[in-house]
Amino acid sequence: MPRHRKALGACLTLFASLACAAPVEGPISVSADSGRFEQEAGTGVYSGNVELLQGNRTMKAEKMSLFTSNGELTRVEAAGNPVQLSEGKDLEAHANNLVYDIKARTLVLTGDAFIRHKGNTFEGAKVEYSLDSKRVDASSEGDQRVRLVIPAENQIPGNEQQDNPDAEPTTP
């Protein structure tokens, strides 16, 4: 069997296992310049312009490793210059490295980590983010300090704009 057909077969097997394991948000699709999936080990390694799509979540990296257990996607590790993640208009993140724990629904970004959620930004050497609780923990390293920016419109009590982008701004 030609080499590209083997790679295509491995990718289709991975896509089938990812689609069955995907949370309610929908199937997961991965594309890259090259990829390898080892079914017995439950690992897939993709490199070159890697893009993972799931619902309105997009992750881009130079290299991405996917880990499965019993046919379920459990973990995604990505490295890039930088790794980029977005979830609709509400969430944007980038860092040198990103680990997405599917079961815990957490993201750990390291190396010039940045996350923007509904206008608030967090920066640090390491940023941990919970997709469910929207909790952010940031830490520093060396001379790099943690930085938080809360836009003025997010400081107004009762301002609905952060939850509804179509709402008119509230005046004090």
Side-chain angles (χ1 to χ4, degrees), residues 7 10-11 14-15 17-19 21-23 25-38 41-69 72-155 162 165:
C11 288
L14 175 63
F15 291 154
S17 71
L18 293 178
E25 300 166 48
I28 296 171
S29 170
V30 179
S31 62
D33 293 339
S34 65
R36 178 183 71 236
F37 180 70
E38 297 179 21
T43 60
V45 178
Y46 300 87
S47 58
N49 300 309
V50 184
E51 184 175 55
L52 181 145
L53 302 171
Q54 180 187 30
N56 68 347
R57 186 175 300 135
T58 302
M59 188 182 308
K60 296 178 180 181
E62 280 304 307
K63 182 178 179 183
M64 195 176 295
S65 299
L66 307 176
F67 301 88
T68 63
S69 177
E72 280 189 42
L73 181 64
T74 58
R75 183 178 177 97
V76 177
E77 295 179 2
N81 197 16
V83 176
Q84 299 174 354
L85 172 83
S86 64
E87 189 172 283
K89 294 180 181 180
D90 288 342
L91 176 66
E92 173 190 336
H94 58 81
N96 294 337
N97 300 288
L98 182 145
V99 175
Y100 175 22
D101 184 324
I102 308 298
K103 296 283 186 191
R105 293 188 38 81
T106 58
L107 299 168
V108 177
L109 300 101
T110 55
D112 293 322
F114 170 90
I115 190 161
R116 180 190 53 77
H117 180 254
K118 293 186 178 183
N120 301 320
T121 62
F122 303 87
E123 298 177 56
K126 179 179 179 181
V127 176
E128 297 180 53
Y129 181 72
S130 169
L131 294 168
D132 292 330
S133 70
K134 309 299 185 207
R135 177 183 170 149
V136 177
D137 292 308
S139 59
S140 63
E141 183 177 284
D143 291 340
Q144 185 179 13
R145 295 177 45 97
V146 171
R147 182 170 182 238
L148 162 66
V149 177
I150 302 172
E153 62 269 14
N154 288 359
Q155 297 175 40
Q162 63 180 336

About how many Å separate [atom2] of [Y] and [atom1] of [X], when rounded to the nearest 0.5 Å?
| X | Y | atom1 | atom2 | result |
| --- | --- | --- | --- | --- |
| I115 | E92 | CD1 | CD | 9.5 Å |
| Q84 | T58 | CD | OG1 | 10.5 Å |
| L109 | Y129 | CG | OH | 11.0 Å |
| T110 | E141 | OG1 | CD | 9.0 Å |
| N56 | E87 | CG | CD | 5.0 Å |
| Q54 | I28 | CD | CD1 | 4.0 Å |

With a 3.5 Å distance limit and no angle check, can you tell me whether [X] reaches the backbone of [Y] through a side-chain donor-acceptor pair?
| X | Y | result |
| --- | --- | --- |
| T68 | G42 | yes |
| S86 | G88 | no |
| S69 | E72 | no |
| S47 | K63 | no |

Mind checking whether [X] and [Y] have side chains closer than 4.5 Å, heavy atoms only?
| X | Y | answer |
| --- | --- | --- |
| L107 | V99 | no |
| L91 | L131 | yes |
| V30 | E51 | no |
| M59 | M64 | yes |
| V127 | D137 | no |
| V50 | S31 | no |
| V108 | D101 | no |
| Y46 | F37 | yes |

Could you report the tightest heavy-atom contact between [X] and [Y], atom names first, then the distance?
| X | Y | value |
| --- | --- | --- |
| G119 | P151 | O-CG, 3.1 Å |
| A113 | A95 | CA-CB, 3.8 Å |
| A61 | V83 | CB-CG2, 4.1 Å |
| V45 | S65 | CG2-OG, 4.0 Å |

Give a yes or no on this: more than 12 heavy atoms of other residues, nucleotides or ligands lie within 6.0 Å of atom [atom1] of [X].
| X | atom1 | value |
| --- | --- | --- |
| N81 | CG | no |
| R116 | CZ | yes |
| K103 | NZ | no |

- side chain to side chain contact (heavy atoms under 4.5 Å, CB included) between L66 and T43, worked out: CA-CA 6 Å; L66 307 176; T43 60; over 6 Å; no
- Query: Do you see a donor-acceptor pair shorter than 3.5 Å between the side chains of R57 and Y100?
  - Reply: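 Present: a donor and an acceptor within the cut-off.
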- Message: side chain to side chain contact (heavy atoms under 4.5 Å, CB included), that's the test. Do L98 and L85 meet it? Break it down for me.
- Response: CA-CA 9 Å; L98 182 145; L85 172 83; 4.3 Å; yes
- Item | Mutual orientation of the aromatic rings belonging to H94 and F114 [parallel < 30°, tilted 30-60°, perpendicular > 60°] | parallel
